[in-house]
Amino acid sequence: LAQLFRPLDMLGMVYREIRQGLIDMEAMFRLIDTPPEVTDAADAKPLVVLGGTVRFEHVDFRYDKDRPILHGIDLTVPAGHTLAVVGPSGAGKSTLARLLYRFYDPSEGRITIDGQDISAVSQATLRRSIGIVPQDTVLFNDTIGYNIGYGRDGSTQDEIVAAAKGAAIHDFIMGLPQGYDTPVGERGLKLSGGEKQRVAIARTLLKNPPILILDEATSALDSRTEADIQATLARVSARRTTIVVAHRLSTVVDADEIAVVEAGRVVERGTHARLLAKDGLYAEMWRRQQAERETALEAA
Ligand code: ATP
């Protein structure tokens, strides 16, 4: 009987390998997924980042021609400042981030970095200048060290360790059976949501970009992990121009400016205190989340 099952076992293993291979390929394609319409201009110049001021100037955008998503977006993030983008689900927050990374070009208007239209510079220099900490980090079936080093080609072990320390994941890694050589991903150690985010932060530290996009996870981490991650992100975003796509208002209180997006338009802008005083959509969202938080605390 064992002889009968061994080939089946083998087949299962091969199948899993192939499936895993495909998943990795998908992950790769998601990462490098650039729609064909986004191409370098023939005379594309390298992006020269001085301070890293980001501007959206009258930006309209639609994925499909008959469904406009963003309308007349005007936003400025001064060099080194943090802009938090909040608003209801589907409002267009992540789309703003995708446009800045130039996954798509605006239908109208333009986006500039230090005065240079991002559609006129080479994509390679644009993407080198922007770090993304995504909602969900893709881990390769490789060691945790490799997964961090992926942030920048040719990084040394010392640099990987320094980045892990900056992302507050070094101690966790040192506690693993094989340290930095511990396999992670589907075929290795499964990391928690918070640990995966730290890997993404470490990758970003290695890349050391002047501009940062943080796409906050929708799925809630437990509140202590969340507070720890927030503290780490605050350190990483200091002195960098940062755009945070935020789902929880607790994370935006300290932003230099908050833009409230609703149905593809910026409907309110200001600091947390000013927006609360304004008693509009932001104040309403804030009250609702506070109430949800209290209910959750009472239930716990
Ligand atoms: P959430 O808070 O739920 O993440 P969001 O504010 O980030 O939402 P976006 O992801 O920017 O919203 O999406 C804005 C709108 O664009 C939504 O109606 C969505 O369905 C649509 N959309 C997003 N991606 C695409 C795409 N690739 N093709 C077509 N429509 C899309």
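Fair warning: this is a prediction, and the values are worked out from it, not measured in the lab. In listed order, ligands and their atoms are each counted from 1.
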Original post:
Got more than 12 heavy atoms from elsewhere within 6.0 Å of CD, Gln116?
Top reply: yes
Original post:
Which heavy atom in Gly72 sits nearest to a heavy atom in Asp60, and how many Å separate them?
Top reply: N-OD1, 2.6 Å
**OP:** Only heavy atoms count here, so choose which of Glu262, Arg67, Arg98 is nearest to atom 19 (C) of ligand 1.
**Re:** Arg67
**OP:** Look at Asp114 together with Arg55 and state whether they make a salt bridge at an N to O cut-off of under 4.0 Å.
**Re:** no
Original post:
On the ring face of Tyr101, is Arg127 found with NZ or CZ under 6.0 Å from the centre and within 45° of the axis?
Top reply: yes
Is any N or O atom of [X], backbone or side chain, closer than 3.5 Å to an N or O atom of ligand 1?
X      : answer
Val245 : no
Gly90  : yes
Asp64  : no

**OP:** Check if Gly87 has a non-hydrogen atom at a distance under 4.0 Å from any atom of ligand 1.
**Re:** no
Subject >> Interfacing atoms of ligand 1 (cut-off 4.0 Å, heavy-atom, Thr95) >> reply: 9 (P), 11 (O), 13 (O), 14 (C)
Subject >> Test salt bridge (charged side-chain N to carboxylate O under 4.0 Å, His left out) applied to Arg265 - qualifying residues, sequence neighbours left out >> reply: none
